[in-house]
Amino acid sequence: MEIEIATIGGYEEVGRQMTAVRAGDDVVVFDMGLNLSKVLIHDNVETERMHSLDLIDMGAIPDDRVMSELEGDVKAIVPTHGHLDHIGAISKLAHRYDAPIVATPFTIELVKQQIKSEEKFGVQNDLVKMEAGGRMAIGDENELEFVNVTHSIIDAINPVLHTPEGAIVYGLDKRMDHDPVLGDPIDMERFREIGREGVLCYIEDCTNTGKKGRTPSESVARRHLKDAMYSMEDYDGGIVATTFSSHIARVKSLVEFADDIGRQPVLLGRSMEKYSGTAERLDFVDFPDDLGMYGHRKSVDRTFKRIMNEGKENFLPIVTGHQGEPRAMLTRMGRGETPYELDEGDKVIFSARVIPEPTNEGQRYQSEKLLRMQGARIYDEIHVSGHLREEGHYEMLDALQPENVIPAHQDMQGFAPYVDLAEKFGLSVGENLHVTRNGKLIQLVE
Ligand SMILES: [Zn+2]
């Protein structure tokens, strides 16, 4: 059977992931993401009003024109998890393919909301839920399997396409967490089994290559957070926290420790309400019954007023804005645009790391400066990454023993340390270690 891979997006950047695998006449598309920094750099861009070709030219969504060179029918579009760099282009591109979108329940729900908020593109593909561990026939000869992985969002999987030529393992995004705060540990046993059955190709998330050691478990970030928050127990002023809205495990830890130190947690900001509300509705997390979640500007400001009236020392607002996004809640608080007033000595907890990208770094610098000018004390980087480091990559290559490897989710510089590592497994550039760019086709089996 002919096997061909189209590396469509995310092979020159971290963002707008999209890869297609053709096995005989069947094609499966993995991920259809957005490159957020390409959107954010234009201050007033409204992607929902733009044509998909303009968004492609901007570098915001994958340039899928290479798909016309791939012979075969798209049988499924498979986003691996709910981060926007993996699902954000579905609402703008999926209508071009006559295929269902297949994903885990939490991811499907986020895709559904995304499509609804951008209806003008007319995406009407069927949405099919499949749990981690599930399997589905793709045509007569191929089968799709979801292997449970751990990442900074719940319900993440690595899809595997089983073909008569061997398995194609799509490895974006994950870390190896054996003690996660929510959900099951990564299913390394299954990866090792698949490795023994034979892996034709492994496509790998290279975000953190070149970083030594292993990525700690989410339970380590939780412990770090607990230590920081318990140290503030006697403080009688304002404490504010921010993290990734989609990081439900982290939000859960923030909520619990707020209660522990005698403060009422409250979630503020549109995306805080969206992700946590969705996770709670789908029973992925159990929040206290009286946990307030407010997204709309008016209800947020009303809540801030209530906090100021009843005393800042009784509350812990968990807000958007960990990257200094100009319109996010914490940035507005820094600019003094909300009724919440910061005083000298008030604490701001960043349970996040700055995404190393110039736009984020600049915005985050500004936001932090504004908060400090009001006297805020900054507790930074209470966080662990959602991506594998070097020893995680080593373990995956050891478990899978792939015949071919395609590094992804990075630029050329980011691929280099991964190439060094993969060569230790006998893989070789120009033969079976395919360092590539966006819009290329790789024929694995002729
Ligand atoms: Zn991700």
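For ligands, and for the atoms within them, numbers begin at 1 and follow the listed sequence. Along the sequence shown, residues carry numbers from 1.
Residues in residues 389-417 take part in these ring-ring contact (aromatic ring centres under 6.0 Å, His included) pairs, two or more places apart or across chains: His86-His409, His387-His409, His393-Tyr418, Tyr394-Phe425.
Aromatic ring centres of Phe350 and Tyr379 lie farther apart than the 6.0 Å criterion allows.
Counting only distance, with no hydrogens or angles, the side chain of Ser217 and the backbone of Asp177 share no donor-acceptor pair below 3.5 Å.
Here Arg437 pairs with Glu12 under the salt bridge (Lys or Arg N to Asp or Glu O under 4.0 Å) rule; sequence neighbours left out. Judged as a salt bridge (Lys or Arg N to Asp or Glu O under 4.0 Å), and not counting sequence neighbours, the contacts of Glu337 are Arg332, Arg335.
Protein nitrogen, oxygen and sulfur atoms, that is N, O or S, within less than 2.8 Å of the Zn ion (ligand 1) amount to 4.
The NE2 atom of His83 sits 5.0 Å away from atom NE2 of His81, with the distance rounded to the nearest 0.5 Å.
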